[in-house]
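Keep in mind that the numbers below use all heavy atoms, side chains included, and drop hydrogens, waters and symmetry copies.
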Amino acid sequence: MREEKQILEEIQKPRDRVIIAGLSSPRLEEADNASEESMEELEDLVETAGGETAASVLQNRASPDPRTFIGEGKVEEIKALVKTEEATSVIFDNDLSPSQLRVLTEELGVQVLDRSALILDIFAQRAHTREGRLQVELAQYQYLLPRLTGMWTHLERQAGTSGKGPIGSKGPGETQLETDRRHIHRKIDKLKEELEEVRRVRGTQRQRRTKNEIPVVAIVGYTNAGKSTLLNALTGADIPANNRLFDTLDTTTRLLTVSDTLDVVISDTVGFIRKLPHQLVDAFKATLEELEYADLLLHVIDISNPEWQEQARVVDGLIRELGAETTPCLRVYNKSDLFWGDVRPRGEDTVNISAKTREGLDELLKAIDRQLDKGTRKVTLHLPYDKGNLLDVLYRESRVESVEYGETIDIKAVCNPRAIGMVKDYIEGWVEPKEAWED
């Protein structure tokens, strides 16, 4: 009964009403400009954070205003909107300087955030594991550090002993600011140490996987492309898969049997997004470094989204930034059941699927098998007893599935080319493969 009451209260709780604003200017880098598409995405982000968008303001301007970013006229327009829509906050699609954040907060009379702060807030809501929370906390401190002076007016008392400035502006203000900075620097150093330990543990696990020769497959893609749904469909991992941005923050790793000769470790990763705060790219290296060491990337693309080409470019850029551009990659066009275009993408490293309906999953497994095929074969051997020492070789070099003792030692094993070369004389039905020039 108590749980039902809590759920009811949560449903009835008034949501934050948000005015979203953005600026497009030739003086800004293309990636920093607001557009109709990025504003729609910002609206989705507000929804993900638990708010609702009351109004949207997209401005074109020759150059950003140094003080208010959008200019006095637009500030007055948004101020009127805040009043009429009873908004509780204004969120900008662009990154704002600390002083602009402070001025706009004072002028508009409500909380003002930029896109980076909103994404950090969503990440803080979504992170559940210790590693995820560490990463988000580090990103938040890195975001906060350069904004200390601009965000907290009580820390700006830096008049010193010059005699200028109002009474009360001299004294401990600078000390307070420096104390806060030192405290945050200490926190950042401590978080980095803890994340380094996460990397060390991951490195140990990776060495073990390498020793066992288990390939690693990493699922990457734009947020809400269907990565968790795909992992569920392939492995039955039962990861919550919802139609909202940044639903997965904590890496999930599962063992996947691709074929009778190939098992892989497959990992889901946090979704990418345009204008991803650089603090998050840095902070999430502990998770995303799996990409650098993966044997294969599955780049999941939501082909039902009209912006899928731009989203794919964003992901490709972040893959390069993370140093994984040389890793083999399959482009997996997901949500094909919702695609209404004339021609689906085609190509050697391309698969069309619907993780929801399971369409194309067999083709995806075959494509993974082709990419990671190292000549491994499942074979049956009949070893004479005087060649019993080869059984030890098979245990070292292969995956032995069964051993039966009869007239010969009968073995079923998954062998790599090296092991096959040592025992091929005893493989049932073995035929030496032809070289390409012999065909």
Side-chain angles (χ1 to χ4, degrees), residues 202-219 231 233-236 253-267 290-298 324 326-330 332 347-351 353 360-439:
R202 282 184 181 278
T204 304
Q205 293 169 341
R206 193 179 298 115
Q207 285 174 355
R208 195 176 301 127
R209 287 201 299 263
T210 304
K211 185 179 178 183
N212 295 335
E213 295 186 338
I214 303 176
V216 176
V217 176
I219 303 175
L231 189 62
L234 289 173
T235 67
T253 301
R254 293 288 184 272
L255 191 67
L256 170 65
T257 298
V258 176
S259 67
D260 60 358
T261 62
L262 179 63
D263 287 335
V264 301
V265 171
I266 186 164
S267 297
E290 286 293 316
L291 271 59
E292 190 179 348
Y293 295 98
D295 298 284
L296 177 66
L297 303 182
L298 301 185
T326 59
T327 304
C329 182
L330 281 176
V332 181
E348 185 181 348
D349 297 329
T350 299
V351 185
I353 69 160
L361 291 191
D362 288 341
E363 286 78 4
L364 175 58
L365 289 173
K366 288 174 186 172
I368 294 171
D369 198 31
R370 280 196 305 273
Q371 283 281 351
L372 298 175
D373 180 22
K374 305 242 182 344
T376 304
R377 297 290 177 266
K378 189 171 187 175
V379 296
T380 300
L381 300 103
H382 305 289
L383 285 182
Y385 280 88
D386 63 349
K387 299 294 182 182
N389 63 308
L390 290 175
L391 182 56
D392 292 333
V393 173
L394 289 169
Y395 273 117
R396 282 199 311 273
E397 299 282 343
S398 309
R399 191 174 80 235
V400 176
E401 295 184 342
S402 68
V403 180
E404 293 182 6
Y405 294 89
E407 292 183 14
T408 56
I409 306 172
D410 301 325
I411 305 158
K412 288 185 177 175
V414 178
C415 298
N416 58 31
R418 174 182 161 87
I420 286 172
M422 290 187 274
V423 298
K424 62 184 179 181
D425 293 342
Y426 309 104
I427 295 175
E428 185 180 290
W430 175 254
V431 176
E432 198 75 43
K434 291 182 179 180
E435 297 291 340
W437 57 267
E438 294 181 292
D439 290 334

Any heavy-atom pair between the side chains of [Y] and [X] that's under 4.5 Å?
| X | Y | answer |
| --- | --- | --- |
| W430 | D425 | no |
| L255 | T235 | no |
| V423 | I411 | no |
| V414 | E401 | yes |
| D410 | V403 | no |
| V258 | D263 | no |

> Are T408 and L383 close enough, and set up right, to give a side chain to side chain contact (heavy atoms under 4.5 Å, CB included), and what steps lead you there?
Replying inline: CA-CA 6 Å; T408 56; L383 285 182; 5.9 Å; no
>> Let's go through I409 and L390 carefully: what are the C-alpha distance in whole Å and the side-chain angles of both, what is the deciding distance for side chain to side chain contact (heavy atoms under 4.5 Å, CB included) to 0.1 Å, and is it a yes or a no?
In response: CA-CA 10 Å; I409 306 172; L390 290 175; over 6 Å; no
> For Y385 and G406, which heavy atoms make the closest approach, and how far apart are they?
Replying inline: OH-O, 2.9 Å
> Which heavy-atom pair separates L361 from I353 by the least distance, and what is that distance?
Replying inline: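 The answer is CD2-CD1, 4.2 Å.
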When rounded to the nearest 0.5 angstrom, what is the spacing between [atom1] in [X] and [atom2] in [Y]?
| X | Y | atom1 | atom2 | result |
| --- | --- | --- | --- | --- |
| R254 | L256 | CZ | CG | 12.0 Å |
| L297 | D349 | CG | CG | 11.5 Å |
| D369 | L364 | CG | CG | 11.0 Å |
| L296 | I266 | CG | CD1 | 8.5 Å |
| R370 | L330 | CZ | CG | 8.0 Å |
| K378 | K412 | NZ | NZ | 7.0 Å |

>> Under the criterion side chain to side chain contact (heavy atoms under 4.5 Å, CB included), I'd like the reasoning laid out for L394 against C415: C-alpha separation, chi angles, the key distance, then a yes or no.
In response: CA-CA 8 Å; L394 289 169; C415 298; 3.8 Å; yes
> In chain order, what residues pass the salt bridge (charged side-chain N to carboxylate O under 4.0 Å, His left out) check against K424, with sequence neighbours excluded?
Replying inline: E432
>> According to side-chain hydrogen bond (donor to acceptor under 3.5 Å, both in side chains), who are the partners of R418, at least two apart in sequence or on a separate chain?
In response: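 Applying side-chain hydrogen bond (donor to acceptor under 3.5 Å, both in side chains) to R418 gives E397.
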> Passes side chain to side chain contact (heavy atoms under 4.5 Å, CB included), L298 versus I368? Steps please.
Replying inline: CA-CA 9 Å; L298 301 185; I368 294 171; 4.1 Å; yes
>> When you compare the side chains of Q371 and D295, does any donor N or O come within less than 3.5 Å of an acceptor on the partner?
In response: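 Note: Q371 and D295 side chains miss the donor-acceptor criterion.
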